[in-house]
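Below: the structure, in structure tokens.
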Amino acid sequence: MANMPSIPKGTRDFSPAEMLRRKYIFNTIERVFQKYGFLPLETPAMEKLETLTGKYGEEGDRLIFKVLNNGDVWGTMDPEVKAKLVKGEEVHPGRLGAELSGKALRYDLTVPFARYVVQHRNEITFPFKRYQIQPVWRADRPQKGRYREFYQCDADVIGSKSLLNEVELVELIGDVFAALDLQVVIKVNDRKVLSAIAEISGQPEKVVDMVTAIDKLDKIGQEKVEEEMRAKGISEPAIATIAPLFRLSGTWPEQRKKLDKWLGGVPLAQEGLKNLSTVFGAVGPLKNATLEFDPTLARGLDYYTGAIFEVKSQEGNMPGSICGGGRYDDLTGIFGLKDMSGVGISFGADRIYDVLLETNKFPTELGGSTRVLFANFGEKEAMYALKLLRTVREAGIAAELYPDAVKMAKQFKYADDKGIPFVAIIGENELKQGIVTVKEMKSGEQKAVKEEDLLSIIS
RNA sequence: GUGGAUGUAGCUCAGUUGGUUAGAGCGCCGGAUUGUGAUUCCGGAGGUCGCCGGUUCAAGCCCGGUCUUCCACCCCA
């Protein structure tokens, strides 16, 4: 036990049973992505460090996994930095980090996507719709539903300002959760509305602080939110001005009326509200989802500029969001390509997994597992079973022959453990009569049939 | 990154104020049943008590460090 191998903090192995369930989620999401015209893209696990730093805010930079340079790190170090280290003098952590590491694991899929778009701008036809299902890494401290390696399933459309994209993404979200049979609520807001609120409060420069505080409303309550705003240097009158935000209940048309009265004079708010109304008006019926305007929805990432989305499960006990996204007007600007508006969403496969498992929503038949096991009675019988095995496989049915002629109990237990529904038995008697005995594991029923009738029983 | 818990068999957990040989259930292996799993009965294997160090005549138990998992912040999928 002392030498039991293990894996790094916050990472996980996925057993075959878990992988079948995970693939079910990925396949479902991928199928819907394709149905909406998104095409697949993959980018490397590693990006250049400079591509990632500064894109996720100060907090985000800290959570980027850096990859140590290969080769002679010491020999190739900047002489100035080297001299300081030799003298035992302090070197700025960022400066030292840049010397030791030039690449890092991707933190999300959106920034690498932006990098890709800029790098390949001449080959891409816009609007460009891509989906991407890959792991991302964050050097965060792990908790429940929070890992250091986890999968994101992103769909973005870049190069179009049309609100039809927002509408389609909402319907796409609805489609995914209908397919997964999970009841969700899709919350929407618009950054412009939040900015307008900051404007009328008289402290527009405090948008980010206001927004991150407001975002916590459902978790900590109005009082604590106001406390945090005070701590961030937001004035009492400003806090009082914001207060109506917390009383915006009702349907969207009702909320819109209140908002018009409150923020109507601010052009930015007009724009945001008009956009929201367009989305609410155009979205078709959703099967397993309700669409709600949530004025306190903010989302942390700085690059969102328009609509923002967040999806929460109505079932199970998952406090965090299982899907999120929004519009960004200038994501590619930082890489030198201006005026490229995009909008995208990201499904958190790992959290969706946890919810589906907790609520027992995974289909019982997940496929991928063998349908029939041929028992092995010895060389002669096995050779005969091998022939039947091929015809079963040719019919497209997953089948296997137990490789060793061990006792029956062990072979049946193998079938039981692996959830194989049928066991085909060809022993001495069956061989002589040209028949095969088929046992259905669930009922325990067993019958002898002619070889040619085998397929109709197990399919 | 800050603060707090946790770790004993493959899994879930007992283990008294520190005292000799660390237990249970489930699982695993073998047998009852040489052609039948899940059920029943009988038997068996498996632990340097997360790791390193300290206190003590004596440590699973006390102390320090470290790692893991979990919780609350921060932030987020």
Side-chain angles (χ1 to χ4, degrees), chain A residues 1-12 15 25 29 56-64 93 106-110 133-154 208 211-213 215-216 219-220 224 228 231-232 298-302 309-313 318-325 344-355 373 375-378 381 402 405-431 436-446 448:
Chain A
M1 273 290 280
N3 294 326
M4 187 70 104
S6 60
I7 55 176
K9 185 200 293 212
T11 64
R12 295 154 299 158
S15 69
I25 294 173
I29 292 172
Y56 309 106
E58 205 178 311
E59 200 56 39
D61 281 357
R62 208 194 71 217
L63 299 177
I64 294 171
R106 71 168 100 78
Y107 176 90
D108 70 358
L109 301 177
T110 308
I133 299 175
Q134 286 188 277
V136 301
W137 294 269
R138 294 184 190 176
D140 210 347
R141 194 177 284 205
Q143 273 182 43
K144 194 181 191 69
R146 173 190 270 186
Y147 308 99
R148 289 186 142 186
E149 178 186 61
F150 61 96
Y151 275 72
Q152 287 190 333
C153 312
D154 278 29
V208 174
V211 150
T212 47
D215 194 39
K216 292 174 192 162
K219 214 172 169 186
I220 60 176
K224 289 264 172 86
E228 183 168 327
K232 289 274 168 69
R299 295 192 59 79
L301 292 169
D302 316 337
F309 310 105
E310 190 161 284
V311 180
K312 293 214 165 153
S313 173
M318 172 58 69
S321 60
I322 52 177
C323 175
I345 45 156
S346 176
F347 290 85
D350 301 82
R351 286 185 177 176
I352 293 171
Y353 180 97
D354 289 347
V355 174
L373 174 77
N376 188 329
F377 277 82
E381 293 88 344
Y402 198 90
V406 295
K407 62 180 184 181
M408 280 306 103
K410 197 172 167 74
Q411 302 195 31
F412 273 88
K413 190 166 159 35
Y414 176 84
D416 193 41
D417 286 347
K418 227 175 147 176
I420 300 174
F422 296 99
V423 175
I425 301 154
I426 304 161
E428 208 180 331
N429 301 336
E430 286 85 354
L431 201 57
V436 48
T437 302
V438 182
K439 173 162 177 168
E440 197 205 341
M441 296 297 279
K442 203 172 162 193
S443 61
E445 269 171 45
Q446 190 166 307

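Chain A is the first sequence line, chain B the second, and so forth, proteins listed ahead of strands; every chain is numbered from 1.
Summarising the geometry of V436(A) relative to E430(A), their closest heavy-atom pair is CA-CG, 4.1 Å, with the distance given to 0.1 Å. K439(A) and F412(A) make their closest contact through CD-CE2, 3.7 Å (heavy atoms, listed as atom of the first residue, atom of the second, distance). The shortest non-hydrogen separation linking V423(A) to A415(A) is CG2-CB, 3.6 Å. Between D154(A) and S346(A), the closest heavy-atom pair is OD1-OG, 2.7 Å.
Set against G35(B), U69(B), C73(B), the side chain of I425(A) has G35(B) as its closest nucleotide. The side chain of D140(A) has G1(B) as its nearest neighbour among G37(B), G1(B), G35(B). Relative to the side chain of M408(A), the nucleotides C73(B), U69(B), G35(B) differ in distance, and G35(B) lies closest. Checking A77(B), C71(B), U36(B) against every side-chain atom of Q152(A), the shortest atom distance belongs to A77(B). Nearest to the side-chain atoms of R138(A) among the listed nucleotides C73(B), G3(B), C76(B) stands C76(B). Between C76(B), C75(B), G35(B), one nucleotide has an atom nearer to the side chain of E430(A) than all others, and that is G35(B). Minimum atom distance to the side chain of N429(A) is reached by G35(B), of the listed G35(B), G37(B), U69(B). Minimum atom distance to the side chain of E59(A) is reached by C75(B), of the listed G37(B), C75(B), C76(B). Counting only heavy atoms from C-beta on, T437(A) has its side chain closest to G35(B) among G35(B), C74(B), G37(B).
Taking atom C1' in both U68(B) and U6(B), the straight-line distance is 9 Å, to the nearest Å. A gap of 6 Å separates the P atoms of U39(B) and G27(B), to the nearest Å. As rounded to the nearest Å, A9(B) and A72(B) have P atoms that lie 27 Å from one another. When the C1' atom is used for both U48(B) and C42(B), the distance is 32 Å, rounded to whole Å. Straight-line distance between the C1' atoms of G54(B) and G47(B): roughly 24 Å, to the nearest whole Å. To the nearest whole angstrom, the two P atoms, one in U21(B) and one in A59(B), are 11 Å apart. Taking the P atoms as reference points, C11(B) lies 15 Å from U69(B), given to the whole Å. A45(B) sits 13 Å from G10(B) when the C1' atoms are compared, rounded to a whole Å.
As judged by a 4.0 angstrom heavy-atom cut-off over every strand, F347(A) is placed among residues making no nucleic acid contact. Counting non-hydrogen atoms under 4.0 angstrom, G10(A) reaches the backbone sugars and phosphates but no base. At the heavy-atom level, S346(A) lies nowhere under 4.0 Å from the strands shown. A415(A) comes within 4.0 angstrom of nothing in the nucleic acid, heavy atoms only. Using a 4.0 Å heavy-atom criterion, one finds that F377(A) contacts the bases of the nucleic acid, with or without backbone contacts as well. Counting any heavy atom pair closer than 4.0 Å across all strands shown, D417(A) reaches no nucleic acid atom. G60(A) comes within contact range of no nucleotide atom at all, as no heavy-atom separation falls under 4.0 Å.
Distances shown here put every side-chain N or O of Q446(A) at or beyond 4.0 Å from the OP1 or OP2 atom of U36(B). Note on K216(A): a side-chain N or O is less than 4.0 Å away from OP1 or OP2 of C75(B). Listed pair K407(A) / G31(B) meets the phosphate criterion, a side-chain N or O lying under 4.0 Å from OP1 or OP2. Contact check, K442(A) against G37(B): no side-chain N or O comes under 4.0 Å of OP1 or OP2.
Per the geometry, NZ belonging to K410(A) stands 15 Å off C1' belonging to G31(B), to the nearest Å. At whole-Å resolution of the value, CG in D61(A) and P in C75(B) are 15 Å apart. Between the CD atom of Q143(A) and the P atom of C70(B) there is a distance of 9 Å, rounded to whole Å. As a whole-Å value, the separation of I7(A) CD1 from U68(B) P is 11 Å. Taking atom CG on D154(A) and atom P on A77(B), their separation rounds to 10 Å, with Å as the unit. Protein atom CG of D416(A) is 12 Å distant from nucleotide atom P of G27(B), rounded to whole Å. Separating the OH atom of Y147(A) from the C1' atom of U68(B) is a distance of 15 Å, rounded to the nearest angstrom. Here C70(B) presents its P atom at 11 Å from NZ of K9(A), a figure rounded to the nearest Å.
Ion pairing between a basic and an acidic side chain is recognised when a charged N comes within 4.0 Å of a carboxylate O; E228(A) and K232(A) show such pairing. Salt bridge R148(A)/D140(A): absent, no basic N to carboxylate O contact under 4.0 Å.
For the residue pair T11(A) / E149(A), no side-chain donor-acceptor distance below 3.5 Å is found, with atom types taken as modelled. Looking only at atom types and distance, the side chain of K418(A) has a donor-acceptor partner in the side chain of Y414(A) under 3.5 Å away.
With pairs defined as Watson-Crick or G-U wobble and both atom distances under 3.5 Å, the stems of at least three pairs that touch RNA chain B come out as B:1-5 with B:69-73, B:10-13 with B:23-26, B:28-32 with B:40-44, B:50-54 with B:62-66.
Mapping R148(A) and F412(A) onto RNA chain B by nearest heavy atom places F412(A) at the nucleotide closer to the 5' end.
With hydrogens and angles left out, the side chain of K439(A) and the base of U36(B) share a donor-acceptor pair within 3.5 Å. The base of C70(B) does not come close enough to the side chain of R141(A) for any donor and acceptor atom to sit less than 3.5 Å apart.
Judged by centroid separation below 5.5 Å and plane tilt below 30°, Y151(A) does not stack onto the base of A77(B).
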### Message
Please determine whether side chain to side chain contact (heavy atoms under 4.5 Å, CB included) holds for the pair I322(A) and F347(A), giving the CA-CA distance in whole Å, both sets of side-chain angles, and the decisive distance to 0.1 Å.
### Response
CA-CA 6 Å; I322(A) 52 177; F347(A) 290 85; over 6 Å; no

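Using a 4.5 Å cut-off on side-chain heavy atoms (C-beta onward), R138(A) and D108(A) make contact.
Between Y56(A) and Y107(A), the two ring planes are tilted [angle within 30° to 60°].
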